[in-house]
Amino acid sequence: MKKAIITVVGKDTVGIIAKVCTYLAEHHINILDISQTIVQDYFNMMMIVDLSATRQKFGDICADLEKVGEEIGVVIKCQKEEIFDSMHRV
């Protein structure tokens with residue numbers, strides 16, 4: 001299984017989760033875990049996704065998600081799980 005971490009941060013608006021999840025579903029990217037909070041009108045979401053079934057290149061997925069974020073006024077970042085784990089190992 002190829003996993004990635006996707007983070008979404010920005011001013012809360014209607015449709016953020018819908019836009020991100022629609023992109024993922026259209027590209028056969030399965031959501032394994034999701035957490036989202038809203039603190040004083042700021043939206044924060046973290047997802048762990050499975051990239052095994054997608055035909056898209058990882059770099060293209062990251063670039064596409066950044067564009068989706070720009071369209072809806074949030075910042076979306078995507079990292080491979082192993083890089084995320086290495087960076088945050090205590």
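Please read these numbers as outputs of a predicted model, since none were measured by experiment.
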### Query
What about Ile72 and Met47, same hydrophobic cluster or not, with Ile/Leu/Val/Met/Phe/Trp/Tyr joined at side-chain heavy-atom distances under 4.5 Å?
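Same hydrophobic cluster.
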### Query
What pairs of residues pass the side chain to side chain donor-acceptor pair (under 3.5 Å) test when at least one of them lies in residues 24-35, not counting sequence neighbours?
none
### Query
Between Val74 and Gly10, which heavy-atom pair has the shortest distance, and what is it?
CG1-CA, 4.0 Å
### Task
Would you give the length of the straight line joining atom CD1 of Ile76 to atom NZ of Lys19, rounded to the nearest 0.5 angstrom?
10.5 Å
### Task
List for me each residue that meets side chain to side chain contact (heavy atoms under 4.5 Å, CB included) alongside Lys67, sequence neighbours excluded, and say none if there are none.
none
### Query
Are Ile34 and Met45 close enough that some pair of their side-chain heavy atoms sits under 4.5 Å apart?
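Yes - at least one pair of side-chain heavy atoms lies under 4.5 Å apart.
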### Message
Just by distance, no angles: are the side chains of Tyr42 and Asp12 close enough, under 3.5 Å, to form a donor-acceptor pair?
### Response
no
### Query
More than 12 non-hydrogen atoms from neighbouring residues, nucleotides or ligands closer than 6.0 Å to NZ on Lys77, yes or no?
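It does not: Lys77 NZ has 12 such atoms or fewer within range.
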### Query
What's the shortest heavy-atom distance between Tyr23 and Asp60, and which atoms?
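In this case the closest contact between Tyr23 and Asp60 is OH-O, 4.3 Å.
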### Query
Which value, rounded to the nearest 0.5 Å, describes the distance between Glu81 atom CD and Leu51 atom CG?
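Result: 10.0 Å between the selected atoms.
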#### Entry: Any side-chain heavy-atom pair of Asp50 and Ile29 under 4.5 Å
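The answer is no, as the side chains (C-beta and beyond) never meet within the 4.5 Å cut-off.
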### Query
Hey, quick one: are Val8 and Ile5 part of the same hydrophobic cluster, counting side-chain heavy atoms closer than 4.5 Å, chains of contacts allowed?
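Different hydrophobic clusters.
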### Summary
In Ile17, Thr13, Val9, the residue satisfying side chain to side chain contact (heavy atoms under 4.5 Å, CB included) with Phe43 is Ile17
### Message
Less than 4.5 Å apart, side chain to side chain, heavy atoms only: is that true for Ile6 and Met46?
### Response
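No. Closest side-chain heavy atoms not under 4.5 Å.
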### Query
Quick one: does NZ or CZ of Lys80 land under 6.0 Å from the six-membered ring centre of Phe58, within 45 degrees of the ring axis?
yes
### Task
Supply the atom-to-atom distance Gln36 CD to Ile38 CD1, rounded to the nearest 0.5 angstrom.
5.5 Å
### Task
Find out whether Asp64 and Gln56 are in side-chain contact, i.e. whether some heavy atom of one side chain is under 4.5 Å from a heavy atom of the other.
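Touching, per the 4.5 Å side-chain cut-off.
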### Query
Are any of the side-chain heavy atoms of Val39 and Asn44 separated by less than 4.5 Å?
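Not touching, per the 4.5 Å side-chain cut-off.
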### Query
Atom CG of Leu24 and atom CD1 of Ile61: how far apart are they, to the nearest 0.5 Å?
8.5 Å
### Query
Under a 4.5 Å cut-off applied to non-hydrogen side-chain atoms, are Ile31 and Cys21 in contact?
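Side-chain contact under 4.5 Å: yes.
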